[in-house]
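Naming convention: chains lettered A, B, ... in sequence-line order (proteins, then strands); numbering from 1 in each chain.
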2 protein chains.
Amino acid sequence: MATATRERIVQTSADLFRRQGFASTGVKQIVAEASAPFGSLYHFFPGGKEQLGAEVIRWSGALYGQLIDAFFIPGADVVSATHAFFAGAAQTLRETDYADACPIATVALEVSSTSEPMRQACAEVFTSWVDAATERLVESGLPRKRSRELAISMLASLEGAFVLARATRSTEPVEIAGAACTASVRDAVAARRAKGAAAHRRKR
Amino acid sequence: MATATRERIVQTSADLFRRQGFASTGVKQIVAEASAPFGSLYHFFPGGKEQLGAEVIRWSGALYGQLIDAFFIPGADVVSATHAFFAGAAQTLRETDYADACPIATVALEVSSTSEPMRQACAEVFTSWVDAATERLVESGLPRKRSRELAISMLASLEGAFVLARATRSTEPVEIAGAACTASVRDAVAARRAKGAAAHRRKR
DNA sequence: CCTCCAGTAGATAGATCGCTCTAGCTGGCG
DNA sequence: CGCCAGCTAGAGCGATCTATCTACTGGAGG
């Protein structure tokens, strides 16, 4: 396995960055926790810690992006999917002692004013998440513009709820934000149905 | 002025922490930027960087908490206040090149798994903000439970929108989150009015 | 067989980290 | 005036940071 070490470095870094952030995680700590030789880190990432950071952001982003597709299955009810999504996040928080929230939010805030390549990586990930969620909502019959708005405000609510939850060590913010988002999605679906029904009535 | 230096240290730290976070800000950088003697930092903050951090969190929290009272003036319309609050946040972001968002969110995410005293300071600040917003909504006639839910989901939306906005260098998330929150408040007010009208009708 | 090179391994450089320490300065009070 | 806190001022400590450097290993290909 040629790239096993490289992968282990990325995974371990992702874990540490999520918990303590980018700046407070040393490269020594990474290689130690990953049981990787120190030299290998700079062999695989000649750009140093910054290159590793950018790659970790993209890797975590892709991994967590799959969660969106896992919850918002085409054909299934988007309202209950939204509720389940937030409920799942709350459960994960509780199970991990409020450590596993968003894998990139901490790093995003840290670097968005100091490292342009890492900031861009974060922006790409967030955009990809918004796009994915938007598509799932469009597929469920909502207008594209409304879907995008919902996707953005859902992601914002979740990210913000994570901030509050980790600081207060309570899942209440996640649950309340989840309820609000679920209600918004329900309203959007109902509005769409009403409009569809009106159009249907008009047709005949 | 006996405590001018101390205050300058706190203000400068608040500025730096907000931009680059806690870990990436060195004490040397703080005293340099604050034009303060190095010894003074440890004179005023014998507990070192952690004590300074906790104090900066509380100080910034109190300062920004006043914004809530500035926007949600007793007697004024809460719906337009909500809209103005988010619009103001978006404008500040634009004016400061996406640097001045939440003064403590970055630090909160960084320390909530590593420093218990600083995590508690963050928790206290967030709680105080939620409490303040809740009171303003209660005063405008909304039920307390609903007010608290609105306050929490508004704060979460704003914090998350800040994360997205800083990373993508766009105020769109703030504007969309603001629109969603404004709609929620409007709905809550409308529901209250309907209920009040029903009670009124029932009465006579 | 030997060559070659990706990957392993870690010593070490050079800068910076948070922090301690001592000495000097200054303004108000006895 | 002399004295004593409160504060200023910065040299310097040990630790730790990122990154570079050289040396070694093991297996695939000529």
Grab the CG-C1' distance between A:Leu41 and C:dA6 for me, whole Å please.
16 Å
Regarding A:Ser113 and B:Gln20, do their side chains bring together a donor and an acceptor under 3.5 Å, going by distance alone?
no
Do B:Val10 and B:Arg58 make a side-chain contact, defined as non-hydrogen atoms from C-beta onward lying under 4.5 Å apart?
no
In this structure, how many angstroms lie between the C1' atom of D:dA19 and the NE2 atom of A:His43, rounded?
16 Å
Rounded to the nearest Å, what distance is computed from the CZ atom of residue B:Phe45 to the C1' atom of nucleotide D:dT8?
15 Å
From CZ of A:Phe44 over to P of C:dC5, roughly how many Å is that when rounded to an integer?
17 Å
A correct 5'-to-3' footprint of nucleotides 15-28 of chain C, with B, S and - meaning base, sugar-phosphate only and no protein heavy atom under 4.0 Å, is ---BBB--------
Does either side chain, that of A:Ser40 or that of A:Thr5, offer a donor lying less than 3.5 Å from an acceptor on the other one?
no
side-chain N/O A:Ser40 vs C:dT8 OP1/OP2, d < 4.0 Å
yes
With under 30° as parallel and over 60° as perpendicular, where do the rings of A:Tyr42 and A:Phe38 fit, or are they tilted in between?
tilted
Aromatic ring pairing B:Phe85/B:Phe71, orientation class (parallel under 30°, perpendicular over 60°, tilted between)
perpendicular
Modelled atom types, side-chain donor and acceptor of B:Thr171 and B:Glu175, under 3.5 Å
yes
